[in-house]
Amino acid sequence: MLEARVDRLEAALQRLADAQAQLTATVAELARRLDQLSAAVAELARRLDQLTARVDRLDQRVSWLMGDALERRYRERAHAYFMGLLARLEVVTGDELARLAHDAQRRGILSGPEHQDLLHADVVARGRRRDQETDAYLLAEVSVVIDKGDVERAARRAALCERVVGAPVLAVVAGEQILPDAEREATLAGVWRVLDGRAVSPGGSP
């Protein structure tokens, strides 16, 4: 009787040992699969980072192309876009601006960095002020979305251009929309806004 009970106990212990071995094997397999899953997730995250970086570069490229196209449009159609500011408007070519800036630097009117800064202006044109009937220039910074930096560049470069040409220069920002802080900065800095061809004075009037 005792031997039978011992046999049953040994059998139960063996089953328990077998179950424990099976559990250990199952846990090991789960750990292996978890490692594989972790590796797959890490690879997916890496590829997602690469894709995000490519999308960011694409966004930057598209933004640059849109800005470049808008600059060209404002230069090519300056008469239409800036007719509210100057009459008999004539765009100053890059070559002419370079000559004027070079001569100004040679005469000590511009420093080297100021010379270079002025040459990066998007649009420079000359004409007659409609409200005063006097000769004047305009210098415009063009951007799809005008920010505070565009306004600051327009004001700074217009001041440099005024020293070079010896005539009044209107500082202008032009584009499709303007951010609120840029709007406030333009009012304070005396910069005109041209939005979709509609000119707005620094004081806010057309």
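In this text, all values refer to a predicted model and were calculated from it rather than measured experimentally.
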Checklist entry - Could you walk me through whether V151 and I146 pass the side chain to side chain contact (heavy atoms under 4.5 Å, CB included) check? => result CA-CA 8 Å; V151 176; I146 300 166; 4.3 Å; yes

[X] and [Y]: which non-hydrogen atoms are nearest, and at how many Å?
| X | Y | answer |
| --- | --- | --- |
| V191 | A155 | CG2-CB, 4.0 Å |
| L139 | A154 | CD2-O, 4.0 Å |
| E162 | V169 | OE1-N, 2.9 Å |

Checklist entry - Do Y74 and V172 share a hydrophobic cluster (ILVMFWY, side-chain heavy atoms under 4.5 Å, transitive)? => result yes

Is [Y] paired with [X] through a side-chain N to carboxylate O contact shorter than 4.0 Å?
| X | Y | answer |
| --- | --- | --- |
| D35 | R32 | no |
| D181 | R184 | no |
| R33 | E29 | yes |

Which value, rounded to the nearest 0.5 Å, describes the distance between [X] atom [atom1] and [Y] atom [atom2]?
| X | Y | atom1 | atom2 | answer |
| --- | --- | --- | --- | --- |
| K148 | E185 | NZ | CD | 5.0 Å |
| H115 | R106 | NE2 | CZ | 11.5 Å |
| L110 | L160 | CG | CG | 6.0 Å |
| L138 | L170 | CG | CG | 6.0 Å |
| I109 | D103 | CD1 | CG | 9.0 Å |
| C161 | D117 | SG | CG | 11.5 Å |

[X] side chain near [Y] side chain, heavy-atom distance below 4.5 Å:
| X | Y | result |
| --- | --- | --- |
| I178 | D150 | no |
| V124 | V91 | no |
| P202 | W192 | yes |
| V200 | L195 | no |
| V142 | V123 | yes |
| L119 | L97 | yes |

Identify all side-chain donor-acceptor contacts of residues 78-87 below 3.5 Å with residues at least two apart in sequence or on another chain.
| from | atom 1 | to | atom 2 | distance (Å) |
| --- | --- | --- | --- | --- |
| H79 | NE2 | L89 | O | 2.6 |
| Y81 | OH | R73 | NE | 3.1 |

Item to check | Among R157, R156, R193, the one residue meeting salt bridge (Lys or Arg N to Asp or Glu O under 4.0 Å) with E141 | outcome: R157

Checklist entry - Do the side chain of D122 and the main chain of E71 share a donor and acceptor less than 3.5 angstrom apart? => result no

Checklist entry - Which pairs, with at least one residue in residues 90-101 and sequence neighbours excluded, count as a side chain to side chain donor-acceptor pair (under 3.5 Å)? => result E90-R126, E96-R126

Checklist entry - For Q36, does the CD atom have more than 12 heavy-atom neighbours from other residues, nucleotides or ligands under 6.0 Å away? => result yes

Next on the checklist: Could you work out, with side chain to side chain donor-acceptor pair (under 3.5 Å) as the rule, every residue matching E114, not counting sequence neighbours?
Outcome noted: S111, R163

